[in-house]
Amino acid sequence: MEKGLISVDRWAKGSEAYFLSHLHSDHTNGLTSSWSHAPLFCSPVTAKLLPFKFYGFDLSLLRILHPDASHTLTLKSTVIHVTAIDACHCPGSIMLLFRGDFGCVLYTGDFRWEATCQRATNARHLLRNALHDVPVVDVVYLDNTYSNPIYDFPTRHVAAQKVIDIISSHPDHEVIIGINTLGKEDLLIEIARALQIKIWVWPERLRTMHLLGFYDIFTTDTSLTRVRAVPQYSFSIGTLESLNRMCPTIGILPSGLPWIKKSLQKNEFLSGSFLTRRYKRGKWSANSEAQSDDQIRNIGSPEKIHEYMYTVPYSDHSNYEEIEEFLKLVQPTRLKGIVASSSCYIEPMYYFGRLCRVDQQTQKLHEEQRRKESCKREIEAVRSKTSFGGDNVQTGRDRSKASKGRSSGVRLRRFSRLRRTHRGAKIQGDNCSDQE
DNA sequence: GCGATCAGCT
DNA sequence: CACAGCTGATCGC
């Protein structure tokens, strides 16, 4: 009842106000059309889209946070201040800076903090201004999806150029690009502009595009374009192989393989079993045989993963370096990851503790962890976690932290279930907890 | 019938 | 192993 004054991306009963960072499903788990616990605060764009994801939602519950103003909210028990800042993740996505009796808390939601992106530059200015009024940020709830130095990938603009290059070099092919229900609009728009073509999307997605204000670029008429954006879950190597029996078609996944640093790929993954395993897992190994070394070599650059399939490192999450820059600006006292599981999950304090303000607790934690494991061992942990089958030995601190002391013996499935339910935060009293 | 949860998939 | 997401089965209300 009294626990959890406010909830961010969490929808269980008991809070006085609820905040939605953006409309992706892993942040709306528990939110339904009939949800009505308390007012829901979100960005204008999210408010516009939400009724189409949750038909019949009680719109009188919605409260708009304008992304460039500080809002003062009078709750039942206290007054809080909140500032929304563009998170540059997907349309409508925001970070939330809270100030109140509990101190100062910054919840990043999912975010992309590109150095050269104009929107991120604007967001940086806003954040810097907002931080002027704050003595110290006590806690950052961080999008730690790629909070590991092995994640090193280019800006979205650079990745978009790669996609454009791939399409240009296949002038006689149909092109299929896998996207989700929200996000990667900018990629499609860059393609459309560069190649002077329209992009096909499915009808619901066209409606979303219209809601977002994109009227002329997208179409549901297949005869108008050779480039189609389709739901990512709906296409696979199998789909592409079928399509190629009718006409030449390539697929592009703006994501895909982990974007591990080249050195690691050369040294560990390409020579080892990493790619083999990935190949065996997917539907695209027509026979269930392991791929031969030759086949692996034919994959060539990480970009072309199959005769008809390309992946491009287009990410809506910050890479390691961007997270680092973000934390240098915010300098929080404490850090908490909002993503509990990933193949390379590392307790964020491990790499970023040094960027936090030095208080004794932080310092102690940091030193302890440094002592326990060297960087090299972390990489080892990552490698063993990417293994498929065999014994998935516990790989130390990171995993046991993430599994939160659940009964042992259950591994990946339990792990991924955790991921789906672990986003978001409850903020209460003078300490902030993840609830449960 | 609906929501919650889970299995399985990409 | 994933960004995030879909379908379908089952269970309780």
Side-chain angles (χ1 to χ4, degrees), chain A residues 9 11-12 22-36 53-56 89-90 93 109-112 143-148 150-151 153 156 159 176-184 187 202 204-205 230-240 251 253-260 264 268-269 272-285 302 305-306 309 311-319 338-346 381-390 392 395 398-399 402 410-421 423:
Chain A
D9 296 345
W11 309 102
H22 65 288
L23 262 180
H24 280 158
S25 296
D26 50 343
H27 292 255
T28 58
N29 237 310
L31 189 59
T32 63
S33 295
S34 55
W35 183 94
S36 62
K53 191 177 173 93
F54 302 106
Y55 289 99
H89 170 69
C90 70
S93 64
D110 291 348
F111 77 110
R112 180 91 205 243
D143 172 12
N144 56 313
T145 308
Y146 297 123
S147 65
N148 186 318
I150 62 171
Y151 288 121
F153 45 80
R156 285 176 288 198
I176 288 181
I177 302 172
I179 61 169
N180 284 320
T181 52
L182 191 63
K184 307 215 163 50
L187 167 64
W202 64 100
E204 291 85 349
R205 199 60 159 95
V230 305
Q232 204 175 104
Y233 65 87
S234 76
F235 95 111
S236 62
I237 294 287
T239 322
L240 279 176
L253 286 173
S255 64
L257 287 168
W259 312 299
I260 312 259
L264 261 179
E268 328 277 354
F269 294 117
S273 46
F274 181 66
L275 284 176
T276 323
R277 281 166 181 153
R278 291 186 59 84
Y279 256 70
K280 279 161 75 177
R281 245 183 87 73
K283 276 267 162 73
W284 56 81
S285 58
I305 63 164
H306 177 273
M309 183 73 94
T311 69
V312 176
Y314 189 99
S315 170
D316 286 326
H317 294 267
S318 299
N319 65 27
I338 61 171
V339 183
S341 150
S342 101
S343 63
C344 295
Y345 180 79
I346 302 239
V382 169
R383 286 185 60 209
S384 70
K385 259 178 262 176
T386 53
S387 71
F388 179 71
N392 245 314
T395 48
D398 44 342
R399 167 156 300 187
V410 193
R411 294 193 177 107
L412 298 179
R413 183 126 299 283
R414 169 75 77 186
F415 209 44
S416 73
R417 228 192 83 220
L418 215 99
R419 177 181 72 78
R420 284 193 171 82
T421 57
R423 304 258 192 181

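Here the structure is a predicted model, which is why all the values come from computation and not from measurement. Reminder, nothing fancy here: chain letters follow the sequence lines and each chain counts from 1.
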Asker: Measure the shortest side-chain to side-chain distance between A/Ser93 and A/Arg112 over non-hydrogen atoms and say whether it is less than 4.5 angstrom.
Answerer: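 A/Ser93 does not reach A/Arg112 side chain to side chain.
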
Asker: A/Asn29 has an atom CG; how far is it from atom C1' of B/dG3, in whole Å?
Answerer: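 In whole Å, B/dG3 C1' lies 12 Å from A/Asn29 CG.
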
Asker: Report the nucleotide, chosen from C/dC3, C/dC6, C/dA4, that has the shortest atom-to-atom distance to any side-chain atom of A/Asp26.
Answerer: C/dA4

Asker: Starting from C1' on C/dA2, measure out to NE2 on A/His24 and report it in whole angstrom.
Answerer: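 One finds 15 Å between C1' of C/dA2 and NE2 of A/His24, rounded.
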
Asker: Rounded to the nearest angstrom, tell me the gap between atom CG in A/Asp143 and atom P in C/dA2.
Answerer: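 So the two atoms are 15 Å apart, to the nearest Å.
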
Asker: What is the distance, rounded to the nearest whole Å, between atom CZ of A/Arg205 and atom C1' of C/dC6?
Answerer: 15 Å

Asker: In whole angstrom, give the distance that lies between atom CD of A/Gln232 and atom P of C/dA4.
Answerer: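 Interatomic distance, CD of A/Gln232 to P of C/dA4: 10 Å.
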
Asker: Angle class for the A/His89/A/His22 ring planes (parallel below 30°, perpendicular above 60°, tilted otherwise)?
Answerer: perpendicular

Asker: Under the salt bridge (Lys or Arg N to Asp or Glu O under 4.0 Å) test, which residues partner A/Asp316, sequence neighbours left out?
Answerer: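 A/Asp316 satisfies salt bridge (Lys or Arg N to Asp or Glu O under 4.0 Å) with A/Arg156, A/Lys184 only.
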
Asker: Reckon A/Ser25 has a side-chain N or O less than 4.0 Å from the OP1 or OP2 of C/dG5?
Answerer: yes

Asker: Sequence neighbours excluded, which residues qualify as side chain to side chain contact (heavy atoms under 4.5 Å, CB included) partners of A/Ser234?
Answerer: A/Val230, A/Pro231

Asker: In whole angstrom, give the distance that lies between atom CG of A/Asn180 and atom P of C/dA2.
Answerer: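 The distance from CG of A/Asn180 to P of C/dA2 comes to 16 Å, rounded to the nearest Å.
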
Asker: Within a strict 4.5 Å, meaning less than it, do heavy atoms of the A/Phe153 and A/Tyr146 side chains meet?
Answerer: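 A/Phe153 vs A/Tyr146: side chains touch.
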
Asker: Does B/dG3 have its OP1 or OP2 closer than 4.0 Å to a side-chain nitrogen or oxygen of A/Ser34?
Answerer: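 The answer is yes; a side-chain N or O of A/Ser34 sits under 4.0 Å from OP1 or OP2.
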
Asker: Can you tell me the distance, in whole Å, between the CG atom of A/Asn319 and the P atom of C/dA2?
Answerer: 20 Å

Asker: Check every atom of C/dA4, C/dC3, B/dA4 against the side chain of A/His89 and return the nucleotide holding the closest atom.
Answerer: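 Ranking C/dA4, C/dC3, B/dA4 by closest atom to the A/His89 side chain puts C/dA4 first.
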
Asker: Over how many whole Å does the gap from A/Tyr314 atom OH to C/dA4 atom P extend?
Answerer: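 In whole Å, C/dA4 P and A/Tyr314 OH are 14 Å from each other.
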
Asker: Are any of A/His317's side-chain N or O atoms less than 4.0 Å away from OP1 or OP2 of C/dC3?
Answerer: no

Asker: Where the side chain of A/Asp110 is concerned, which of C/dC3, C/dA4, B/dA4 is the nearest nucleotide?
Answerer: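 Among the listed nucleotides, the one closest to the side chain of A/Asp110 is C/dA4.
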
Asker: For a quick test of reading the model: is some side-chain N or O of A/His27 closer than 4.0 Å to OP1 or OP2 of C/dA4?
Answerer: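 False: A/His27 side-chain N/O out of range (4.0 Å or more) of C/dA4 OP1/OP2.
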
Asker: With a 4.0 Å limit, can you tell me whether A/Thr181 has a side-chain N or O closer than that to the phosphate oxygens OP1/OP2 of C/dG5?
Answerer: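 It does, given that an N or O in the side chain of A/Thr181 lies less than 4.0 Å from OP1 or OP2 of C/dG5.
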
